[in-house]
Amino acid sequence: MSLTAGVIAVQGDVAEHAGAIERATTRHGKRVEVREIRTAGVVPDCDLLAMPGGESTAISRLLHREGIAPEVVDHVAAGKPLLATCAGLIVAARDAGDPRVESLGLIDVTVDRNAFGRQVDSFETHLDVSGLAKPFPAVFIRAPRIAEVGEGVEVLAEHDGQVVAVRDPPVVATAFHPELTDDSSVHDLAFFGRV
Amino acid sequence: MTRTTDLEELRRGTDLIKRGFARMQKGGVIMDVVDREQARIAEDAGAVAVMALEAVPADIRKRGGVARMADPGEIREIIDEVSIPVMGKSRIGHTKEAEILEAIGVDMIDESEVLTPADDAYHIDKREFTAPYVCGARNLGEALRRIDEGAAMIRTKGEAGTGDVNQAVHHQRNIKGAIRTLVGMNHEERAAWAREHEAPAELVHETAEMGRLPVVNFAAGGIATPADAALMMHHGCDGIFVGSGIFGAEDPVAMGEAIVDAVNNWDDPERLAEIAEGIGKGMKGEANADIPEEQRLQGRGV
């Protein structure tokens, strides 16, 4: 069976997500066509979606301006998987904690932007992620933290006492960037429910 | 089940983190600003980052004299104003200006030919820094030398402050053309190319295998309209720096938003036509061909 995957491509590290999706789907014995989404009309054709890292202010502005935002809301309402990373997490949140970002309310969490500091504070570490057998190489870049977690939201990982990955089906969201390393197991988890 | 983190290993300032930061800027527009009001306008227009400067390149050109790093206090004000990353320019080879920028909390340092070079022979050893760097390049050899020194992002060295996109196009075509040439070569030809162009051999081989620069590649210098920005995306750039083009325009808000929208819709002429309509005049500018060789900024620090 061939899948159609979409990567929100109005801004951010799109090619990295496309590569990770290709690796994850191949591992699960499926073929995939990855489409970059810059305009309305593509999301309804997609079986699964990724919202990449980037700048959440710029991404949310263009999602609304291009009419993509309501399509992403419909995608999640239909129960189709979405992986949102870093800026994607902020845009997916119920409350981005900042009027400069018009978030989509796809997951029942609130976030604090840039909670781990500026770029000089950005870091990489190995993180235990619920559902993954091995510690995951996690890259945090001017990363947000997840502040409040609603009922029915499963915490997948914490760093230094802060929640940094959650699952609120059908959405998996991370404060770090699983697309920046060769390990596609977070993509496996988000799109296939298992590694 | 929730598990806690393994804290024993936590690394900062690695190549992955520096280059990763640059990747998050892709598909975006980085705007030059000189104060907090301009920074606010840039963020609202959809900029992915702002470049904090004392004066935009067009004014630096007009004013003459020595151009230096901006006042740290002014940069701090801009950092406090916006939630997006703030970049700052140091003079080429001026390690101390760069250290000051890093100490303030600047997210990326531009070792820039727009300022007066502090060192004729050497660039900053950028590997020593936790903050990532962007550097200008006119061709592939120059780009790979900067990456070897630690640059996490390369931008074209279009003639800054002119509003003439001609040189940015020229440099991007140079870089892309050289990469195509390398892709078609065998190992020993690539090694010879590296020697001839004074580029590190390892990076030459890596670039040839990837078929692109190993770091993010933005356009900069002379971009003044939505169509200019779209043109640079058409030439394969990952994103756009706009210097004097926003706040030198008749209506900076309209121009800023239009350039952001044009980068997203660069391959759709009908949308570009809508985007470019009724946004007021672009900056006046100065044609590159009218500028004498010795007054060009791009030859600084090769």
Side-chain angles (χ1 to χ4, degrees), chain A residues 9-16 36 38-39 52-62 65-66 86-87 98 100-101 113-114 117-132 135 137-142 154-165 177 179-181, chain B residues 1-14 16-30 40 43-49 79 82-87 102-109 129-132 212 216 238-239 257 260-261 263-268 271:
Chain A
V10 294
Q11 196 271 313
D13 66 334
V14 176
E16 291 76 4
E36 295 189 358
R38 293 197 185 81
T39 52
E55 288 306 319
S56 56
T57 48
I59 292 173
S60 78
R61 177 184 170 279
L62 281 166
R65 200 171 178 86
E66 298 290 342
C86 195
D98 187 333
R100 289 174 280 208
V101 180
R113 297 179 62 208
N114 305 328
R118 304 193 66 79
Q119 172 59 14
V120 289
D121 308 305
S122 294
F123 60 95
E124 48 176 308
T125 188
H126 279 82
L127 206 60
D128 284 328
V129 178
S130 185
L132 301 188
V139 186
F140 291 79
I141 295 178
R142 288 172 48 94
E154 180 189 2
V155 173
L156 296 178
E158 293 183 2
H159 171 75
D160 206 10
Q162 309 290 347
V163 177
V164 293
H177 292 282
E179 73 279 13
L180 282 184
T181 64
Chain B
M1 184 188 68
T2 305
R3 289 186 255 173
T4 50
T5 325
D6 176 8
L7 277 171
E8 65 192 38
E9 178 204 18
L10 200 139
R11 288 170 296 161
R12 296 196 165 87
T14 61
L16 179 61
I17 291 169
K18 291 175 175 177
R19 292 181 180 190
F21 169 81
R23 287 169 174 220
M24 298 312 145
Q25 302 284 302
K26 286 195 294 183
V29 179
I30 300 166
R40 161 96 279 114
E43 182 172 45
D44 289 344
V48 290
I79 287 175
V82 295
S83 66
I84 54 178
V86 176
M87 303 183 180
E102 185 178 65
I104 300 170
V106 158
D107 295 293
M108 182 173 242
I109 300 166
F129 285 73
T130 306
R212 61 155 294 149
V216 167
D238 293 314
E257 289 186 350
V260 169
D261 291 339
V263 169
N264 187 50
N265 292 285
W266 64 270
D267 54 353
D268 184 342
R271 286 298 306 281

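Each chain gets a letter, A, B and so on, in the order its sequence line appears, and its residues count up from 1. Remember, it's a predicted structure, so these values are computed and weren't measured experimentally.
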Tell me, for [X] versus chain B, whether the close heavy atoms (under 4.5 Å) come from the side chain, the backbone, both or neither.
X        : result
A:Arg100 : side chain
A:Ser60  : neither
A:Arg142 : side chain
A:Thr181 : side chain
A:Ala9   : backbone
A:Val139 : side chain
A:Leu180 : both

Please answer whether the main-chain N or O of [Y] pairs with a side-chain N or O of [X] as donor and acceptor at a distance below 3.5 Å.
X        : Y        : value
A:Glu179 : A:Glu16  : no
A:Asp13  : B:Arg23  : no
A:Glu158 : A:Val164 : no
B:Asn264 : A:Arg38  : yes

| task | Go through the side-chain N and O atoms of A:Thr57 and B:Glu43 and say whether any donor and acceptor fall under 3.5 Å apart. | result | no

| request: Could you tell me whether A:Glu66 and B:Arg271 have a side-chain N and a carboxylate O separated by less than 4.0 Å? | output: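 Looking at B:Arg271 together with A:Glu66, the answer is yes, because their closest N to O distance falls below 4.0 Å.
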
| For the student: nearest non-hydrogen atoms of B:Ile109 and B:Phe129, plus distance | CD1-CD2, 4.3 Å

| message | Among A:Gly54, A:Gly117, A:Ala15, which residue has the highest count of heavy-atom pairs closer than 4.5 Å to chain B? | response | A:Gly54

| message | Taking side chain to side chain contact (heavy atoms under 4.5 Å, CB included) as the definition, give me every residue that meets it alongside B:Ala49, ordered by chain and number, with sequence neighbours left out. | response | B:Gln25, B:Ile30, B:Pro85, B:Met87

With only heavy atoms counted, which part of [X] is less than 4.5 Å from chain A, the side chain, the backbone, both or neither?
X        : answer
B:Arg19  : neither
B:Val86  : both
B:Asp268 : neither

| field | Choice from B:Leu16, B:Thr130, B:Ile17 maximising heavy atom contacts with chain A below 4.5 Å | value |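 Answer, by heavy-atom pair count under 4.5 Å with chain A: B:Ile17.
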
| What option among B:Asp238, B:Asn265, B:Asp261, B:Thr14 has the most heavy-atom pairs under 4.5 Å with chain A? |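 When all of B:Asp238, B:Asn265, B:Asp261, B:Thr14 are compared, B:Asp261 has the most.
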
| request: With sequence neighbours left out, write down each residue that passes ring-ring contact (aromatic ring centres under 6.0 Å, His included) with A:Phe140, or none if nothing qualifies. | output: A:Phe116, A:Phe123, A:His159, A:Phe176

